[in-house]
Engineer: 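Sharing a structure with you now.
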Amino acid sequence: MSAQTCFHGRHIKPIVLDGLDGQNWQLADYQKRDGYAALRRMLSEKMTPDQVIAEVKKSALRGRGGAGFPTGLKWSFMPRQYAGPKYLVCNSDEGEPGTFKDRDILRYNPHSVIEGMAIAAYASGSTAGYNYIHGEIWPEYERFQQALDEAYQAGYLGRNILGSDFSFDLYTTHGFGAYICGEETALLESIEGKKGLPRFKPPFPAGYGLYGKPTTINNTETFATVPWILRHGADAFVSLGRPNNGGTKIFSVSGDVTSPGNYEVPLGTPFAKLLELAGGMRGGRRIKAVIPGGSSMPVLPGAVMMATDMDYDSIAKAGSMLGSGGVIVMDETRCMVRSLERLSYFYFEESCGQCTPCREGAGWLYRVAHRIENGQGRPEDLDLLDSVAANIIGRTICALGDAAALPVRSFLKNFHSEFEHHIEHRRCLVPDYV
């Protein structure tokens with residue numbers, strides 16, 4: 001993770017995963033990498049919250065959790081004149097299949113998240129914050145708590161941080177493995193001790209969030225990136241990526257590649273280059289399909305991905321979304337029907353059941369995909385799948401309904417003949433599926 005990588009003649013060092021080997025995560029190690037220098041500079045130079053927000057806006061940093069919303073713009077939504085408490089929340093509830101970057105940040109570079117949250121708290125006027133960590137990664141929870149204790153002891157958190165008039169308390173909390181709690185308002189409900197059910201929006205968290213107070217929520221990678229921006233400047237960050245796609249991004253590459261893992265590369269890196277970094281296709285097989293942003297994003301044919309760059313705009317133009325950066329690569333031996341059946345089962349199981357289109361529709365999608373995969377499909381099932389998916393999209397409180405429906409429509413669109421073969425011949429088009 002610490003190696004430099006050459007892109008278009010430039011040597012690019014990772015921002016979040018630079019110099020990390022699993023043994024140098026503690027405060028002293030982080031400070032050797034200029035850790036907390038951004039927080040010190042911000043407080044010593046008495047930067048105003050508006051100046052911090054302006055720098056983050058200029059950097060073109062977009063949320064790294066899935067939606068890709070501009071980070072500085074989100075921070076600016078917090079009401080300036082509000083007299084009561086305001087909160088800051090880090091969404092480390094990483095439950096998207098194919099995505100495993102945040103756990104590595106918490107494991108290898110937890111202080112970057114703490115420093116980023118302290119900077120964000122200063123910019124938003126928040127007095128307290130929470131890092132909500134996925135309940136199935138307990139060692140990372142403990143690691144982050146250890147880093148939190150170090151930060152308090154060194155004066156980077158608590159009352160009058162580094163002798164300033166800025167105070168901020170940060171707490172660690174955890175979920176219990178519910179995918180739905182990755183949705184920001186369900187996460188807030190869970191922190192409050194309630195069942196993790198998404199809230200209706202509006203009101204949005206910036207107006208009515210945790211405990212009914214103004215709240216800003218960002219992803220782990222987003223917060224971990226902020227200190228670098230304040231140390232090196234927004235222009236330097238933008239120069240690493242592309243306009244409207246600033247900086248580097250961590251991609252969790254899994255599936256049929258030689259070396260699965262997390263790869264931090266500049267936004268705009270060709271997918272072919274990312275695949276090369278991951279060792280290429282395992283066993284020399286041909287690429288068949290790629291889900292570029294986590295399992296809830298539309299699947300794309302391999303040939304399309306090989307001609308596409310890894311940034312928000314390029315992936316959208318190709319017909320999918322960058323999402324959380326979970327890149328799932330499938331080779332020629334993979335059955336698309338069986339893959340969709342497995343994905344549909346996940347969303348059926350993880351639906352909170354609050355919205356009828358998702359509660360009933362996700363189960364319907366799975367049952368139809370299941371019977372096609374098991375040789376009981378009917379010709380009308382393909383239109384049925386598409387119709388059910390279309391009637392889920394945009395009709396639920398949160399995006400889980402869309403997450404269940406988008407893969408279905410994209411699998412049918414891009415691999416329709418494979419589904420037809422299953423129905424007509426009662427068996428898979430790829431007999432050597434492993």
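Throughout, numbering of the chain's residues begins at 1 and tracks the sequence. Side chains are part of it too, since the values below use all heavy atoms of this structure and drop only hydrogens, waters and symmetry mates.
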Engineer: Can you confirm whether or not the ring centre of H174 sits under 6.0 Å from the ring centre of F176?
Structural biologist: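 Yes; F176 has its ring centre under 6.0 Å from that of H174.
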Engineer: Would the distance check show the side chain of N245 and the main-chain N or O of Y312 forming a donor-acceptor pair, the cut-off being under 3.5 Å?
Structural biologist: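 Present.
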Engineer: Less than 4.5 Å apart, side chain to side chain, heavy atoms only: is that true for V253 and L277?
Structural biologist: no
Engineer: How many angstroms lie between CG in L17 and CD1 in I105, if you round to the nearest 0.5 Å?
Structural biologist: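 Answer for the CG-CD1 pair, L17 versus I105, is 6.0 Å.
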Engineer: Could you tell me which non-hydrogen atom of D313 sits nearest to which non-hydrogen atom of P243, and how far apart they are?
Structural biologist: OD2-O, 4.3 Å
Engineer: Is there side-chain contact between L340 and F415, with heavy atoms separated by less than 4.5 Å?
Structural biologist: no
Engineer: Considering residues, nucleotides and ligands other than W364, do more than 12 of their heavy atoms fall under 6.0 Å from its CH2?
Structural biologist: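 At most 12 heavy atoms, drawn from other residues, nucleotides or ligands, come within 6.0 Å of this atom.
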Engineer: Please confirm whether the backbone N or O of V16 pairs with a side-chain atom of E264, one donor and one acceptor, at under 3.5 Å?
Structural biologist: yes
Engineer: Would you find a donor on one side and an acceptor on the other, under 3.5 Å apart, between the side chain of R64 and the backbone of R62?
Structural biologist: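 Answer holds: yes.
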Engineer: Please identify each residue that fulfils salt bridge (charged side-chain N to carboxylate O under 4.0 Å, His left out) with R80, with sequence neighbours left out.
Structural biologist: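 Per chain and number, R80 pairs via salt bridge (charged side-chain N to carboxylate O under 4.0 Å, His left out) with D50.
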Engineer: Taking the side chain as everything from C-beta on, heavy atoms only, tell me whether M117 gets closer than 4.5 Å to L170.
Structural biologist: yes
Engineer: I'd like to know if the side chain of S76 reaches the main chain of L73, judged simply by a donor and an acceptor atom lying under 3.5 Å from each other, with no hydrogens or angles considered.
Structural biologist: yes
Engineer: Identify the two heavy atoms, one from S124 and one from L88, that lie closest to each other, and give their separation to 0.1 Å.
Structural biologist: OG-CD1, 4.4 Å
Engineer: Does E350 have any salt bridge (charged side-chain N to carboxylate O under 4.0 Å, His left out) partners at least two apart in sequence or in another chain, and if so, which?
Structural biologist: none
Engineer: Taking the six-membered ring for Trp, are W138 and Y141 parallel (under 30°), tilted (30 to 60°) or perpendicular (over 60°)?
Structural biologist: parallel
Engineer: Quick one: does T220's side chain get under 4.5 Å of F144's, heavy atoms only?
Structural biologist: no
Engineer: Between S295 and I291, which heavy-atom pair has the shortest distance, and what is it?
Structural biologist: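 The pair with the smallest heavy-atom distance is CA-CG2, 4.2 Å.
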Engineer: Go through it in stages, so that I can follow the logic: the residues are W75 and V226, the test is side chain to side chain contact (heavy atoms under 4.5 Å, CB included), and I'd like the CA-CA distance, side-chain angles, deciding distance and then a yes or no.
Structural biologist: CA-CA 12 Å; W75 290 6; V226 168; 3.9 Å; yes
Engineer: Has the side chain of T225 got a donor or acceptor atom that lies under 3.5 Å from a matching backbone atom of E221?
Structural biologist: yes
Engineer: Answer yes or no: is there a side-chain heavy-atom contact under 4.5 Å between V290 and T308?
Structural biologist: no
Engineer: Taking it one step at a time, do I315 and F271 satisfy side chain to side chain contact (heavy atoms under 4.5 Å, CB included)?
Structural biologist: CA-CA 10 Å; I315 295 294; F271 169 76; over 6 Å; no
Engineer: Output yes when a side-chain donor or acceptor of S252 lies under 3.5 Å from a complementary backbone atom of K101, and no otherwise.
Structural biologist: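 Yes; judged by distance alone, with no hydrogens or angles, the pair exists.
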Engineer: Check whether any side-chain heavy atom of P292 sits under 4.5 Å from a side-chain heavy atom of M321, and report yes or no.
Structural biologist: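 In short, these two side chains do not touch, never coming nearer than 4.5 Å.
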Engineer: Would you find a donor on one side and an acceptor on the other, under 3.5 Å apart, between the side chain of T215 and the backbone of L210?
Structural biologist: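 Side chain of T215 to backbone of L210, a donor-acceptor pair under 3.5 Å: yes, one is there.
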Engineer: In plain terms, say whether D256 and K288 are close enough for a salt bridge, that is, a side-chain N and a carboxylate O under 4.0 Å apart.
Structural biologist: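 Answer for the salt bridge query: no.
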Engineer: Excluding sequence neighbours, so at least two apart, what forms side-chain hydrogen bond (donor to acceptor under 3.5 Å, both in side chains) with Y36?
Structural biologist: H111
Engineer: Within this structure, what is the OH-CG distance for the pair Y132 and N91, rounded to the nearest 0.5 Å?
Structural biologist: 9.0 Å
Engineer: Of all the heavy-atom pairs spanning S296 and A403, show the shortest one and how long it is.
Structural biologist: CB-CB, 3.4 Å
Engineer: For a side chain to side chain contact (heavy atoms under 4.5 Å, CB included) check, start with the C-alpha distance between T216 and S126, then their side-chain angles and the critical distance, and finish with the verdict.
Structural biologist: CA-CA 9 Å; T216 290; S126 302; 5.6 Å; no
Engineer: Determine whether the side chains of D149 and Q153 contain a donor N or O and an acceptor N or O closer than 3.5 Å.
Structural biologist: no
Engineer: Hey, what do you get for CG (D93) to CD1 (I137), rounding to the nearest 0.5 Å?
Structural biologist: 8.5 Å
Engineer: Checking Y171 against Y130 for the side chain to side chain contact (heavy atoms under 4.5 Å, CB included) test, could you report, in this order, the C-alpha distance in whole Å, the side-chain angles of both residues, the deciding distance, and whether it holds?
Structural biologist: CA-CA 5 Å; Y171 306 95; Y130 296 85; 3.8 Å; yes
Engineer: Can you spot which of E94, E96, E140 makes a salt bridge (charged side-chain N to carboxylate O under 4.0 Å, His left out) with R103?
Structural biologist: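 Looking at E94, E96, E140, the match for R103 under the salt bridge (charged side-chain N to carboxylate O under 4.0 Å, His left out) is E140.
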Engineer: Hey, could you give me the CG/OH distance between D169 and Y152, rounded to the nearest 0.5 Å?
Structural biologist: 3.5 Å
Engineer: Please list, chain by chain and in numerical order, all residues satisfying side-chain hydrogen bond (donor to acceptor under 3.5 Å, both in side chains) with T71, sequence neighbours excluded.
Structural biologist: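 If we apply the side-chain hydrogen bond (donor to acceptor under 3.5 Å, both in side chains) test to T71, skipping adjacent residues, there are no hits.
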Engineer: Pick out which of L412, N391, V408 makes a side-chain contact (heavy atoms from CB on, under 4.5 Å) with D386.
Structural biologist: L412
Engineer: Supply the atom-to-atom distance I217 CD1 to K74 NZ, rounded to the nearest 0.5 angstrom.
Structural biologist: 6.5 Å
Engineer: Is the gap between the ring centers of Y87 and Y211 under 6.0 Å?
Structural biologist: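 Judged by ring-centre distance (under 6.0 Å), Y87 and Y211 do meet the cut-off.
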Engineer: Return yes if a side-chain donor-acceptor contact under 3.5 Å exists between S92 and N131, otherwise no.
Structural biologist: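 Per modelled atom types, S92 and N131 side chains form a pair under 3.5 Å.
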Engineer: Does A60 offer a backbone N or O that forms a donor-acceptor pair with the side chain of N244 under 3.5 Å?
Structural biologist: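 No.
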Engineer: Identify, with sequence neighbours excluded, every residue that meets salt bridge (charged side-chain N to carboxylate O under 4.0 Å, His left out) alongside K195.
Structural biologist: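 For K195 there are no salt bridge (charged side-chain N to carboxylate O under 4.0 Å, His left out) partners, ignoring immediate neighbours.
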Engineer: Please determine if R199 and E192 form a salt bridge, counting it only when a charged side-chain N lies under 4.0 Å from a carboxylate O.
Structural biologist: yes
Engineer: Holding to side-chain hydrogen bond (donor to acceptor under 3.5 Å, both in side chains), I want the full list of residues that pass it with Q23, two or more places apart in sequence or in another chain.
Structural biologist: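 Listed in chain order: nothing, the list is empty.
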Engineer: If I compare all heavy atoms of I328 with all of P97, which pair ends up nearest, and what's the gap?
Structural biologist: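 Heavy-atom minimum between the residues: CD1-O, 3.9 Å.
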Engineer: Between Y122 (side chain) and M47 (backbone), is there a donor-acceptor pair under 3.5 Å?
Structural biologist: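 Yes, Y122 side chain to M47 backbone: donor-acceptor pair under 3.5 Å.
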Engineer: Strictly distance-based, threshold 3.5 Å: is any side-chain N or O of S167 a donor or acceptor partner for the main-chain N or O of N160?
Structural biologist: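 Such a contact is found between S167 side chain and N160 backbone.
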Engineer: Between E150 and Y30, is the side-chain hydrogen bond (donor to acceptor under 3.5 Å, both in side chains) condition met? List the steps.
Structural biologist: CA-CA 11 Å; E150 287 185 319; Y30 183 62; over 6 Å; no
Engineer: Which label fits F348 and Y345: parallel for a plane angle under 30°, tilted from 30 to 60°, or perpendicular past 60°?
Structural biologist: perpendicular
Engineer: Does any part of the side chain of V388, heavy atoms only, come nearer than 4.5 Å to the side chain of V368, both counted from C-beta?
Structural biologist: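 They are not in contact (no side-chain heavy atoms under 4.5 Å apart), so the answer is no.
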Engineer: Please find the pair of heavy atoms, one from G196 and one from C181, that lie closest to each other, and give the distance.
Structural biologist: CA-SG, 3.9 Å
Engineer: Nearest 0.5 angstrom please: E189 CD to E183 CD, how far?
Structural biologist: 10.0 Å
Engineer: Determine whether E276 and K273 satisfy the following criterion, salt bridge (charged side-chain N to carboxylate O under 4.0 Å, His left out), listing intermediate values before the conclusion.
Structural biologist: CA-CA 5 Å; E276 179 185 327; K273 182 64 179 181; 3.5 Å; yes
Engineer: With a 4.5 Å limit on heavy-atom distance, are the side chains of E349 and Y366 in contact?
Structural biologist: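 They are not in side-chain contact.
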Engineer: Ignoring hydrogens and geometry beyond distance, is a side-chain donor-acceptor pair present between R359 and T356 at under 3.5 Å?
Structural biologist: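 Per modelled atom types, R359 and T356 side chains form a pair under 3.5 Å.
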